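Read through the structure below, which is laid out as structure tokens, and then see the notes.
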Amino acid sequence: MAERVLAPCNKALQGELEIPGDKSISHRAVILGSIANGTTKVSNFLDGEDCMRTVKAFELMGVSIEKQDSTVIIEGKGTSALKEPVEPLYFGNSGTTTRLMLGILSGLPFFTTVYGDASLTKRPMDRVIDPLRAMNASIDGRQDGSYLPLSIRGENLQGISYTLPVKSAQVKSAVLLAGLFANGETKVIEDTPTRNHTENMLEAFGAAISSDGRETTITNIQTLTATNVYVPGDISSAAFFLVAAAIVPGSKLTLKNVGLNRTRTGIIDVLLTMGADLQITNQQISGGEEFGDITITYKELSSTVIEGEIIPRLIDEIPILALLATQVEGTTIIRNAEELRVKETDRIAAVADVLTTLGADIEATVDGLVIHGRKTLTGGEIKSYNDHRIAMMGAIASLIAKDDVIIDDDSSIYISYPNFFDHLQDIIL
Ligand code: S3P
């Protein structure tokens, strides 16, 4: 437990930040590098707790992974070199490690047991177990395999055609990764596009994959070929500073090399709709992933409605967007975001609780939030719910609060943004 007391700030934010690497892409780089043939160098890897769970899992299966600061070098020898781990794999708080690894472990010829922390143990796994069992995976666990701990015995998998019942990139990715080992073709169909980093990276590693954005097909080609991966900055981490600049008068921030993959940029679209002064420069592309610099200058914004197809494109940014909504004129409505109820914590309930404690006018609905702006935030003692994105939202709220904001425990921030407080300090004038 690490309590953090944040005093009122009352200063404009200025400067440039190099946002740490994308969490989703970092996980995928370790997974594909570990099963490919050859040396994969990953640069700007996110050195957060979640991604290290994925690294540790492959180390326990015999892969040599060398890490120096934000560079990771993986000596891949193909799947046949992976060994049955002698101990259960601990996935901590990481839903991405768990769900993606279930796809991989289902097709490897050995036995594994996986488990996680209290939050992960409550999160639904049947969403991945169901399609994997339909591919002939042998998985068992608590409540018939709906929850961790789970045990997996690798089997010969069969390709399937699967229409996603939940808008989840983790489920899509688990099925596609299992498809790497399956006989025949594996197809995943989604009605609303979710993040496509797995598809981009599989292509970069030479997999036989094709996608039109809604329908993705993969066939087993036995070997992937190592490639170097540059991980762009995580737009979900940048989001905290985009909103910081949008709520603190006089601010101007440039966030460098931030991932701009269209399946992730919902927050930029929302900020522009609300009237933000936001510019994107130095756009580049690497491994199918776009990135660039985002400059945002403070300007008064207006309320909006966030619903439908945009939700998966900003799902992790909803807590911080809710904070933004407390500071704009009018009522902001967020709908169709029921997935928030099964994240690291129930983020609909957690956001409503934290912002209410800080003096906001906010109501939780079944699938979203209704936020009435503009309210002066008071400060107060808030719970992080052991959720990194809730803790960081609380910290950004302190920039505009009238009194101290006291976060009960900020240690979860190491999950996705280890140097968050250094960055916060760097931009306070
Ligand atoms: C992720 C997908 C999303 C997201 C999570 C990371 C991924 O989860 O919330 O932080 O890397 O695939 P769902 O697939 O459950 O929507």
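Counting starts at 1 for both ligands and their atoms, following the listed order. Residue numbers start at 1 and run along the sequence shown. Predicted model, so just to flag it, every value in this text is computed and none were measured.
Regarding atom 12 (O) of ligand 1, its nearest protein heavy-atom neighbour is R28 NH2, 2.6 Å. Nearest protein neighbour of atom 11 (O) of ligand 1, counting heavy atoms only, is S24 OG, 2.7 Å. Atom 1 (C) of ligand 1 has Q170 NE2, 3.5 Å as its closest protein atom, hydrogens excluded (heavy atom only).
In this structure, the side chain of S34 does not engage the main chain of F58 through any donor-acceptor pair within 3.5 Å.
The distance from ligand 1 to the heavy atoms of D316 drops below 4.0 Å at these ligand atoms: 4 (C), 5 (C), 9 (O), 10 (O). Listed by number with element, the atoms of ligand 1 under 4.0 Å from a non-hydrogen atom of K167 are 16 (O).
Salt bridge status for K256 with D293: present, with a side-chain N to carboxylate O gap under 4.0 Å. Remark: R347 engages D387 in a salt bridge, criterion side-chain N to carboxylate O under 4.0 Å.
Ligand 1 has no atom lying under 4.0 Å from any heavy atom of H197. For K343, the heavy-atom gap to ligand 1 drops under 4.0 angstrom.
Counting heavy atoms closer than 4.0 Å to ligand 1, residue H27 contributes nothing at all.
Listed by chain and residue number, N257 satisfy the side-chain hydrogen bond (donor to acceptor under 3.5 Å, both in side chains) test with E18 (two or more places apart in sequence, or in another chain).
Considering backbone and side-chain atoms alike, L100 places every N or O at 3.5 Å or more from each N or O of ligand 1.
Taking all atoms of both residues into account, the shortest heavy-atom contact from I296 to L242 is CD1-O, 3.5 Å.
Aromatic ring centres of Y90 and Y115 lie closer together than 6.0 Å. Annotation: H388 is not in aromatic contact with F420 [ring centroid separation under 6.0 Å not met].
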